[in-house]
K.L.:
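This is the structure, below, for whatever I ask next.
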There are 2 protein chains.
Amino acid sequence: MSGLTIGVDLGGTNTLAGLVDEAGEVLGRSGCPTRLDLDSEGVIRGIVACVRGAAREGGTDLLEVASVGVGSPGPLDAFEGVIISPENLPCMRGVRLKDRLEDALGLPVVVDNDANLAAYGEQWLGAGRGVDHFLCVTLGTGVGGGWIANGRLMHGFNGNAAEVGHTTIDLNGPRCACGNYGCLEMYASATAMVRRARQRLAQDRPKTTLRAEGLTTRAMFEAAEADDVFARAMFEETGFFLGVGLVNMVSALNVEVVALCGGLARAGEWLFEPARRTFQERGAVGVKEYVRIVPGALGDDAGILGAARLARG
Amino acid sequence: MSGLTIGVDLGGTNTLAGLVDEAGEVLGRSGCPTRLDLDSEGVIRGIVACVRGAAREGGTDLLEVASVGVGSPGPLDAFEGVIISPENLPCMRGVRLKDRLEDALGLPVVVDNDANLAAYGEQWLGAGRGVDHFLCVTLGTGVGGGWIANGRLMHGFNGNAAEVGHTTIDLNGPRCACGNYGCLEMYASATAMVRRARQRLAQDRPKTTLRAEGLTTRAMFEAAEADDVFARAMFEETGFFLGVGLVNMVSALNVEVVALCGGLARAGEWLFEPARRTFQERGAVGVKEYVRIVPGALGDDAGILGAARLARG
């Protein structure tokens with residue numbers, strides 16, 4: 001059996017694949033747009049092409065590859081490899097991705113939640129290396145989480161553990177699309193931060209270079225760097241909410257390291273400083289002194305590496 | 001090696017011990033008041049007497065016992081068997097309980113958090129039997145938790161996992177003694193329920209048979225059974241808060257069964273019905289349909305049985 005596996009990161013925009021060796025070196029890469037305009041067959045053809053492309057780029061043949069791991073947006077059934085109802089991949093609803101890829105590739109395939117696999121990658125080679133109790137939180141359109149305990153990727157009874165984004169931080173908060181109220185995702189995702197900033201811009205007319213139209217967290221980061229008081233206050237608030245949510249997650253999971261990944265985490269200290277401060281203000285004595293909140297270290301490779309690691313079994 | 005172990009439940013009021021066989025049968029029992037008026041030596045002498053008493057009652061000798069497990073109020077260091085700073089056992093602060101009991105008994109001793117061991121007992125022989133992902137929540141003076149994942153008792157990196165009582169349900173809530181704000185314990189413990197009822201009695205002067213002085217959750221249960229509208233509303237509120245907290249715990253841990261134990265859980269449907277209803281209203285689709293919220297099945301034996309099981313290794 002070769003030590004080569006292929007990790008796939010199936011996203012709403014792009015599909016990425018990497019040929020990965022035992023040490024976690026990415027030997028070959030391939031990517032293509034995820035064809036959501038086609039049906040599931042088109043998406044699967046794209047995955048197959050990326051898998052073949054990554055093997056070819058790495059100078060090998062699919063016959064030399066032991067297995068393939070795929071990270072997909074949830075919800076999904078990781079045990080059966082069935083996609084349930086991802087918002088970003090509507091055409092994949094109900095698709096038996098594992099079975100269909102195994103048929104198309106002639107290789108064993110495992111499928112898991114993309115946030116789980118980013119965590120698994122970061123724990124293998126990135127911010128969680130050597131850490132047995134580790135949580136990786138992805139801050140983007142939503143707030144996702146993946147979690148390792150005793151060195152193992154954790155799923156819970158049906159694959160929905162570490163749903164960080166849908167823990168309540170305010171029982172009187174607004175209703176979330178998930179049906180719950182005051183979910184962390186409503187406060188600490190990039191989407192939530194932009195929405196809140198737009199509301200403030202319209203209501204309070206603060207002194208700022210930012211404009212509501214086309215507002216992004218990247219623009220807010222650049223404004224914060226350029227001494228924009230309003231932009232800094234928005235990061236301060238978001239970091240506070242995030243800190244409250246992380247206290248909850250650490251109280252439940254007792255992880256030693258929390259890595260923050262995804263677009264919003266690139267804002268660095270504007271976000272990390274208030275998140276860490278809030279965590280220290282509210283966290284439990286005897287725990288908070290030991291917990292580190294750090295940036296993810298692998299960027300977009302986390303998902304590919306986690307998927308390749310999962311494929312190793 | 002014999003199949004006999006002894007489980008000890010060290011409480012703020014009483015110390016209880018049971019001689020337990022491989023099948024979880026309690027063959028002998030012993031108990032004594034926990035002598036908090038003495039120093040740690042007095043408490044330890046009490047534990048030793050109970051351990052010897054349980055063996056004797058079970059018709060055996062300590063020489064026939066393989067090991068002893070002790071559940072103690074936290075916080076404690078379960079890995080080292082050191083008590084840290086339990087509110088209910090001030091004289092035990094910093095005591096190396098494992099080492100001192102091993103010296104006194106000449107047997108291997110393991111120490112863990114009492115809420116963890118109640119969970120471990122319930123998962124062995126009670127409400128969590130056969131359930132691989134299980135949370136046990138103890139509702140008493142505080143709100144404690146113990147948690148099993150993949151069939152294993154979980155500790156996290158330093159033994160403070162499943163701290164259910166100190167997860168925030170309202171980030172703008174009142175400050176808790178732990179330093180956090182809006183902790184579940186401030187809303188769903190027996191203490192919190194009595195405090196809230198007293199405030200309402202003073203402020204709103206509701207029509208009720210209940211009186212603020214000497215108020216207990218047991219009196220509130222009896223009033224609810226006797227059609228007291230105010231008492232029922234108090235359970236309804238407490239069940240709602242509990243349901244919100246359980247949604248958070250299930251979102252983090254993805255457990256399939258939650259058992260509620262402790263004094264307040266004896267209120268039965270007055271508490272369970274609103275807790276379950278809130279859980280179904282707010283929980284995640286794809287998860288909540290499968291989750292059961294049930295009463296603990298072992299009563300006071302849960303801690304002894306969990307400790308005896310832990311001692312089995």
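What you see is a predicted model, and the numbers here were worked out from it, not measured in a lab. Numbers restart at 1 for each chain; the letters A, B, ... are given by sequence-line order, proteins then strands.
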K.L.:
Should the pair Glu80(A)-Arg96(A) be classified as a salt bridge under the 4.0 Å nitrogen-to-oxygen rule?
P.N.:
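Salt bridge between Glu80(A) and Arg96(A), a charged N being under 4.0 Å from a carboxylate O: yes.
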
K.L.:
Any idea which of Gly173(B), Ala161(B), Ser85(B), Cys178(B) has the most non-hydrogen atom pairs under 4.5 angstrom with chain A?
P.N.:
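Winner by heavy-atom pair count: Ala161(B).
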
K.L.:
Given heavy-atom pairs under 4.5 angstrom as the criterion, report whether the side chain, backbone, both or neither of Phe134(A) touches chain B.
P.N.:
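For Phe134(A), neither part sits under 4.5 Å from chain B.
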
K.L.:
For the residue pair Ser40(A) / Arg100(A), report whether a side-chain donor-acceptor contact shorter than 3.5 Å exists.
P.N.:
yes

K.L.:
Does a side chain donor of either Asn113(A) or His155(A) reach within less than 3.5 Å of an acceptor in the other side chain?
P.N.:
no

K.L.:
Could you check which of Val164(B), Val285(B), Ile84(B), Asn150(B) has the highest count of heavy-atom pairs closer than 4.5 Å to chain A?
P.N.:
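Of the candidates given, the most pairs with chain A belong to Asn150(B).
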
K.L.:
Go through Asp132(B), Leu135(B), Val255(B), Val247(B) and name the one with the most non-hydrogen pairs under 4.5 angstrom from chain A.
P.N.:
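Between Asp132(B), Leu135(B), Val255(B), Val247(B), the count favours Val255(B).
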
K.L.:
Say whether Asn158(A) and Asp77(A), considering side chains only, have a donor N or O and an acceptor N or O under 3.5 Å apart.
P.N.:
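No.
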
K.L.:
Please report the interatomic distance OG1(Thr191(A)) to CZ(Arg196(A)), rounded to the nearest 0.5 Å.
P.N.:
11.5 Å

K.L.:
Quick one: of Thr167(B), Val244(B), Val131(B), Leu171(B), who has the most non-hydrogen atom pairs under 4.5 Å with chain A?
P.N.:
Leu171(B)

K.L.:
Report the option among Gly156(B), Pro75(B), Gly283(B), Gly179(B) that has the most heavy-atom pairs separated by less than 4.5 Å from atoms of chain A.
P.N.:
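It is Gly156(B).
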
